[in-house]
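Some notes on the structure that comes next.
Because the structure is a prediction, the values reported are computed rather than measured.
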Amino acid sequence: MPSTQLFHGRYVDTQDHDALLLLYWLCDVLRDQTNRDDWDERAFHVFDESFVCPINGLVSLRLEILIDSPSSLEKMLKLFADVRQRVQNEYGTTFPKEWLNELPLGASFSRDVPTERLLGIIDQIEAMIVAGGTPS
């Protein structure tokens, strides 16, 4: 199913399983941080809740409640960079179908999936939030 990632009137369309995979990685990176601040804690809980319990069947990153200042925008961009690095370090260019099928993504994978698919979604969402800015 398709889901739409919204931010200040802009959007990026994703498939539910792609958005869930991104939420998985966002939570994974935040979970492993040793010095989480209040924003990190809040982001972890928002992403974890969205991963476990999509709202009305739609998978959302809920960016508008997390990015409310220039500093939170910078933290989100840093988090995306950390996810990118983790994905590349752990899986290189391909997510094995066996690993993907173990995750609760609501999809069945018959082939390995290029990591570039997720990284491309991150690129699109980053461009959207940079263009959307933050409230003054």
Side-chain angles (χ1 to χ4, degrees):
M1 258 189 89
S3 286
T4 301
Q5 308 309 316
L6 299 170
F7 188 71
H8 298 297
R10 299 173 188 283
Y11 66 93
V12 171
D13 287 326
T14 61
Q15 292 298 312
D16 285 353
H17 60 270
D18 291 325
L20 286 167
L21 184 59
L22 178 53
L23 285 165
Y24 168 86
W25 283 104
L26 290 164
C27 288
D28 190 62
V29 167
L30 286 165
R31 186 180 300 108
D32 288 348
Q33 287 182 348
T34 54
N35 297 318
R36 289 198 297 201
D37 63 17
D38 290 341
W39 187 90
D40 297 324
E41 288 291 334
R42 188 168 142 229
F44 177 81
H45 291 293
V46 166
F47 294 144
D48 186 57
E49 182 179 273
S50 294
F51 182 77
V52 174
C53 233
I55 300 169
N56 297 324
L58 298 175
V59 181
S60 173
L61 300 181
R62 300 169 61 198
L63 296 168
E64 288 187 349
I65 67 169
L66 290 173
I67 303 171
D68 57 4
S69 68
S71 64
S72 61
L73 173 63
E74 290 304 314
K75 289 190 73 64
M76 191 72 234
L77 294 173
K78 167 94 171 66
L79 181 56
F80 281 141
D82 292 346
V83 166
R84 233 187 236 102
Q85 188 66 45
R86 169 93 40 109
V87 165
Q88 291 170 333
N89 287 347
E90 292 188 18
Y91 287 98
T93 60
T94 308
F95 293 121
K97 66 182 180 215
E98 296 82 9
W99 178 77
L100 290 168
N101 285 323
E102 290 175 8
L103 298 174
L105 302 178
S108 179
F109 297 87
S110 59
R111 288 183 242 164
D112 295 345
V113 174
T115 55
E116 186 54 41
R117 179 173 167 157
L118 179 66
L119 301 178
I121 291 168
I122 292 172
D123 291 343
Q124 290 176 46
I125 293 172
E126 275 185 336
M128 174 185 68
I129 63 175
V130 168
T134 57
S136 3

Enumerate, atom names and distances included, each donor-acceptor pair closer than 3.5 Å involving a side-chain atom of residues 90-99, sequence neighbours excluded.
from: Tyr91; atom 1: OH; to: Trp99; atom 2: NE1; distance (Å): 3.1

Contacts of Asp48 that satisfy side chain to side chain donor-acceptor pair (under 3.5 Å) - sequence neighbours left out: none

Give every residue pair that meets the side-chain hydrogen bond (donor to acceptor under 3.5 Å, both in side chains) criterion with at least one member in residues 24-34, sequence neighbours excluded. Asp28-Arg86, Asp32-Arg86

On a heavy-atom basis, the closest approach of Phe47 and Leu23 is CD2-CD2, 3.6 Å

Would Val59 and Phe51 count as a side-chain contact (heavy atoms from CB on, under 4.5 Å) if you check the C-alpha gap in whole Å, the side-chain angles of each, and the deciding distance to 0.1 Å? CA-CA 7 Å; Val59 181; Phe51 182 77; over 6 Å; no

Taken in chain and number order and not counting sequence neighbours, the residues that satisfy salt bridge (Lys or Arg N to Asp or Glu O under 4.0 Å) with Glu74 are none

Nearest non-hydrogen partners of Glu64 and Leu6, listed with the distance: CG-O, 4.1 Å

Between Gln124 and Val12, which heavy-atom pair has the shortest distance, and what is it? OE1-CG1, 3.4 Å

With a 6.0 Å cut-off (strictly less than), is the heavy-atom count around CG of Asn89, excluding the residue itself, greater than 12? yes

For the pair Ser3 (side chain) and Asp16 (backbone), establish whether a donor and an acceptor sit closer than 3.5 Å, ignoring hydrogens and angles. no

Euclidean distance, Leu100 CG relative to Phe109 CZ, rounded to 0.5 Å: 5.0 Å

How long is the span from the CD1 atom in Ile125 to the CG atom in Leu77, to the nearest 0.5 Å? 11.5 Å

Distance from Leu79 atom CG to Glu126 atom CD, nearest 0.5 Å? 10.0 Å

Point-to-point distance, once rounded to the nearest 0.5 Å, from CG of Leu22 to CG of Asp18: 9.0 Å

What is the distance from atom CD of Gln88 to atom CG of Leu118, rounded to the nearest 0.5 Å? 10.0 Å

So which heavy atom on Gln5 is nearest to which on Thr14, and how close? NE2-OG1, 3.3 Å

Looking only at heavy atoms, the pair that brings Arg62 and Ser50 closest together is CD-OG, 3.2 Å

Between Arg84 and Asp123, is there a side-chain N and carboxylate O pair less than 4.0 Å apart? yes

Applying salt bridge (Lys or Arg N to Asp or Glu O under 4.0 Å) to Asp13 and not counting sequence neighbours gives none

Write down the atom of Leu66, the atom of Ala43, and the distance for their closest heavy-atom approach. CD2-CA, 3.7 Å

Roughly how far, to the nearest 0.5 Å, is the OG atom of Ser71 from the NZ atom of Lys78? 14.5 Å

Sequence neighbours left out, what passes ring pair (Phe, Tyr, Trp, His ring centres under 6.0 Å) with Tyr11? Give chain and number order. none

Between Leu21 and Ile121, is the side-chain contact (heavy atoms from CB on, under 4.5 Å) condition met? List the steps. CA-CA 11 Å; Leu21 184 59; Ile121 291 168; over 6 Å; no

